[in-house]
Amino acid sequence: MNQDIKNIIGGCFFLALSIIYGILASSISLFVVGSSQLFTARTIPLALSTIGTVCSFFLILPSFIRILRTRFTYSHPIKKQEHSNLISLGKSVAFFLLLMTAYALLFQILGFIIASTGLIYAGTRILGERKIIQPLMISFGIVMGFWLLISLFLDIYLPSGWIWGI
Amino acid sequence: MWEGILTGLSTAFTPFNLLMVITGCVAGTFIGLLPGLGPITAIALMIPITFDMNPSSGLILMAGVYYGAIFGGSTSSILINAPGVAGTVATTFDGYPLAQKGLAGKALTVAAYSSFFGGTVGAILLFIASPALTHVATSFQSADYFALMIMGLTAVAAFSSKGNFLKSILMTVLGLMLATIGTDLSTGVQRFVFGSISLVDGISFLLIAMATFAIGEVLFNIYNGENMTKPQKTTMKRKLGKLRLSKEEFKEITPTMGRSSILGFLVGVLPGAGATIASFLAYGFERSIAPKEKQKKFGSGSLRGLAAPETANNAASSGAFVPLLTLGIPGSGTTAVMLGALLSFGIQPGPRLYVEHPAIFWSVIISMYIGNIILLILNLPLIPYIAKLLNIPRKYLSPLILFFSLIGVYLVSFNIFDMYLMVILALLSFFLRILEFPMPPLMLGFVLGGMIEENLRRALQVNNNSFSFLWERPITFTLLIVTVFLLTIPLLRRVLAKRS
């Protein structure tokens with residue numbers, strides 16, 4: 001991706017974030033006693049929103065002008081092969097994010113040991129591991145070792161899964 | 001005093017107490033390696049174990065665990081970009097790039113030597129100057145702390161090269177924004193919580209560190225990994241590298257360690273400042289005074305950039321014991337736990353501690369130093385084995401980092417909401433990494449954000465809502481002048497270079 005395009009996308013993201021943050025900051029409810037003071041709970045958020053807006057504007061502007069000057073011509077257009085690679089890599093990242101969400105969802109239902117073994121095993125599968133027994137054994141071994149250390153030795157609570165109590 | 005020191009020496013060198021230091025260092029290193037279990041947790045876990053011991057042995061064990069956990073935290077920062085505690089965030093800035101370049105062994109060696117050097121200077125200063133330094137600790141006010149935090153922000157400059165200045169500023173702003181989430185402690189007003197109870201206490205440091213550094217890095221590696229050409233993949237695998245430092249490298253880092261240890265110790269003495277600020281300050285300071293060609297290496301694998309925060313955070317950890325032992329004021333979360341431990345032994349820290357319990361006072365200081373020596377002796381031979389962590393195939397290492405990050409965050413709050421929040425922040429971090437936004441300024445802003453706001457508010461209240469404290473208080477004014485100086489050195493150099 002062209003550096004200028006990256007700057008514009010990033011700048012627009014921060015511009016939107018700063019504006020939304022500023023709007024939310026101005027609606028922070030203040031207590032009557034403190035509202036008349038120079039420094040309130042809104043002061044720093046509003047200052048940050050202003051700085052963010054100004055900086056993102058300055059990040060976007062030069063890149064935007066440069067793109068206009070070059071009339072949208074890129075020196076390295078994305079090739080078809082490169083494009084399909086990016087899509088498949090993006091898919092792996094998306095699967096990892098989904099895996100993390102699923103882990104959070106199932107953590108208390110299935111319990112620490114099963115959910116964690118599943119997380120590590122599924123992670124290895126996403127990254128191209130085709131064997132079944134070896135990664136499963138490794139995942140289970142690591143999780144059990146961690147469970148022994150945390151739960152038995154250090155006496156820290158880890159959920160055992162409420163599904164097994166039904 | 002000398003009688004007390006001799007008593008302390010004889011106590012610290014008993015076989016049982018030496019065994020306690022070794023046990024503490026080993027246990028601390030392994031606990032520190034696990035994300036979510038930093039020095040505070042490590043010491044807290046030791047309290048029940050030390051109940052039956054005599055106070056000296058108990059405290060000696062805790063001192064060993066403390067140093068071990070700090071070193072363990074640095075190791076995970078260098079090898080897998082997962083800073084388990086705020087004090088080791090700055091270690092990732094150059095430690096992880098070194099590991100990526102195939103110099104993990106060297107990076108760990110520098111970390112071990114720097115930690116030892118910082119700990120040694122810290123222990124010596126603690127030994128000779130602790131009563132005198134209590135005055136420094138008490139003379140700092142909110143205005144001075146505010147100036148000190150602003151000085152800490154100068155480290156952002158290290159990531160502003162190659163047209164990244166605005167991106168670094170924006171990432172710092174994002175970090176500061178994230179720090180405002182939760183209850184404003186001074187007024188009790190809730191900010192940006194969107195009705196969620198889980199956000200009332202704000203977002204934990206560990207959550208942000210793991211989401212943006214560890215998981216962000218994993219996702220980014222997956223995204224980049226399959227694009228790699230074969231030669232690149234070979235270099236990624238050969239990550240151990242040499243362990244020995246050359247004479248030139250030693251020469252390069254020795255002055256850095258000297259400067260950073262004194263700076264770190266002095267910052268550590270200030271209650272509330274601690275190892276995090278010390279490491280950021282040392283990093284920023286070292287970058288500012290580095291020659292132009294060395295300056296460019298900061299953030300992409302500079303040995304000086306690694307030695308500075310590593311030395312400073314260890315020296316600061318020793319410095320944090322000054323207000324604890326001499327005033328009874330815990331300067332950091334870890335020393336607060338230590339205070340609890342001291343009280344549980346029936347010892348009240350304060351000005352009379354080294355008069356009433358000289359054996360305890362001096363044996364703790366001496367064993368902290370012994371802990372440093374043992375840590376160096378234990379860890380240097382262990383480095384090749386620790387660094388082998390990197391030889392684990394990516395398809396196993398990445399899911400393991402994911403697992404340890406998620407469970408580490410859960411172990412801090414025991415709240416599933418934090419895991420969901422982590423997914424969102426990891427996605428955000430991945431998106432920003434693709435757009436080439438640097439991550440360290442975000443952590444810098446987040447860590448310093450709350451303290452900057454709090455101290456500015458207090459300073460304004462004390463000064464009747466006037467900003468005059470910025471130029472009226474000598475310490476504040478000096479710190480701000482130093483900040484301006486640190487920021488303008490690179491500019492001045494550039495101007496001078498152009499003229500010549």
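Only this structure's heavy atoms are used, side chains among them; waters, hydrogens and symmetry mates stay out. Reminder, nothing fancy here: chain letters follow the sequence lines and each chain counts from 1.
The closest donor-acceptor contact from the side chain of Arg191(B) to the backbone of Ala41(A) lies under 3.5 Å.
Both the backbone and the side chain of Leu427(B) come within contact range of chain A, each with at least one heavy atom under 4.5 Å from a heavy atom of that chain. Proximity to chain A (any heavy atom under 4.5 Å) is restricted, for Leu428(B), to the side chain, taken from C-beta onward. Both the backbone and the side chain of Leu97(A) come within contact range of chain B, with heavy atoms under 4.5 Å apart. Heavy atoms closer than 4.5 Å to chain B are found in the side chain of Ile138(A), but not in its backbone.
A side-chain contact (heavy atoms from CB on, under 4.5 Å) with Leu166(B) is found for exactly one of Val54(A), Ile60(A), Leu59(A), namely Leu59(A).
Most heavy-atom pairs under 4.5 Å with chain B: of the set Ala122(A), Ser56(A), Ser139(A), Gly128(A), this distinction falls to Ser56(A). Each of Ala47(A), Pro135(A), Ala94(A), Ser18(A) has some count of heavy-atom pairs under 4.5 Å with chain B, and the biggest count is that of Pro135(A). Between chain A and the options Ile169(B), Asp418(B), Leu219(B), heavy-atom pairs under 4.5 Å are most frequent for Leu219(B). Chosen from Tyr121(A), Tyr103(A), Phe107(A), Phe58(A), the residue pairing most often with chain B at heavy-atom distances under 4.5 Å is Phe107(A). The most heavy-atom pairs under 4.5 Å with chain B, out of Leu17(A), Thr101(A), Ile51(A), come from Thr101(A). For the set Val173(B), Val218(B), Ile452(B), the entry with the most heavy-atom pairs within less than 4.5 Å of chain A is Val173(B). Ranked by heavy-atom pairs shorter than 4.5 Å toward chain A, the options Tyr410(B), Phe414(B), Phe430(B) are led by Tyr410(B). Chain B forms more heavy-atom pairs under 4.5 Å with one residue of Leu158(A), Leu99(A), Leu48(A) than with any other, namely Leu48(A). Ranked by heavy-atom pairs under 4.5 Å with chain A, the first of Lys395(B), Gln461(B), Met419(B) is Lys395(B).
Aromatic ring pairs are classed by plane angle as parallel below 30°, tilted from 30° to 60° and perpendicular above 60°; the pair Tyr21(A) and Phe192(B) is parallel.
At most 12 non-hydrogen atoms from other residues, nucleotides or ligands lie less than 6.0 angstrom from CD1 of Ile133(A). Counted within 6.0 Å of CZ on Phe431(B), heavy atoms from surrounding residues, nucleotides or ligands total more than 12; the atom is thus considered enclosed. Within 6.0 Å of CZ in Phe417(B) there are more than 12 heavy atoms belonging to other residues, nucleotides or ligands.
The shortest side-chain heavy-atom distance between Phe112(A) and Ile407(B) falls under the 4.5 Å cut-off. The shortest distance between side-chain heavy atoms of Leu127(A) and Arg394(B) does not fall below 4.5 Å. Residues Leu30(A) and Thr187(B) fail the side-chain proximity criterion, which asks for heavy atoms closer than 4.5 Å. The closest side-chain heavy-atom distance from Glu129(A) to Tyr396(B) is below 4.5 Å. No side-chain heavy atom of Phe13(A) sits less than 4.5 Å from a side-chain heavy atom of Leu435(B). Looking at Arg42(A) and Val189(B), their side chains never come closer than 4.5 Å, going by heavy atoms from C-beta outward. Within the 4.5 Å cutoff, side-chain heavy atoms of Leu24(A) are placed close to those of Phe194(B). Counting heavy atoms from C-beta on, the side chains of Lys167(B) and Phe14(A) never come closer than 4.5 Å.
Taking CZ of Phe39(A) as the reference point, atom OG of Ser186(B) lies at 8.5 Å (rounded to 0.5 Å). Note that the CD1 atom of Ile222(B) and the NZ atom of Lys91(A) stand 15.5 Å from one another [nearest 0.5 Å]. Between atom CG of residue Leu402(B) and atom CG of residue Leu119(A) there is a gap of 5.0 Å, rounded to the nearest 0.5 Å.
Heavy-atom minimum distance, Thr40(A) versus Arg457(B): C-NH1, 4.1 Å. The shortest heavy-atom contact between Glu436(B) and Lys6(A) is OE2-NZ, 2.6 Å. Nearest heavy-atom pair, Gly52(A) versus Leu170(B), reported as atom, atom and distance to 0.1 Å: O-CD2, 3.6 Å. Looking at every heavy atom in both residues, Ala104(A) comes nearest to Ile416(B) through O-CG2, 3.4 Å. Annotation for Pro399(B) and Gly123(A): closest pair CG-C, 3.5 Å, computed over non-hydrogen atoms.
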Do Leu176(B) and Ile44(A) pass the side-chain contact (heavy atoms from CB on, under 4.5 Å) test, and can you show the C-alpha distance, the side-chain angles, and the key distance before you say yes or no? CA-CA 9 Å; Leu176(B) 291 164; Ile44(A) 290 284; 6.0 Å; no

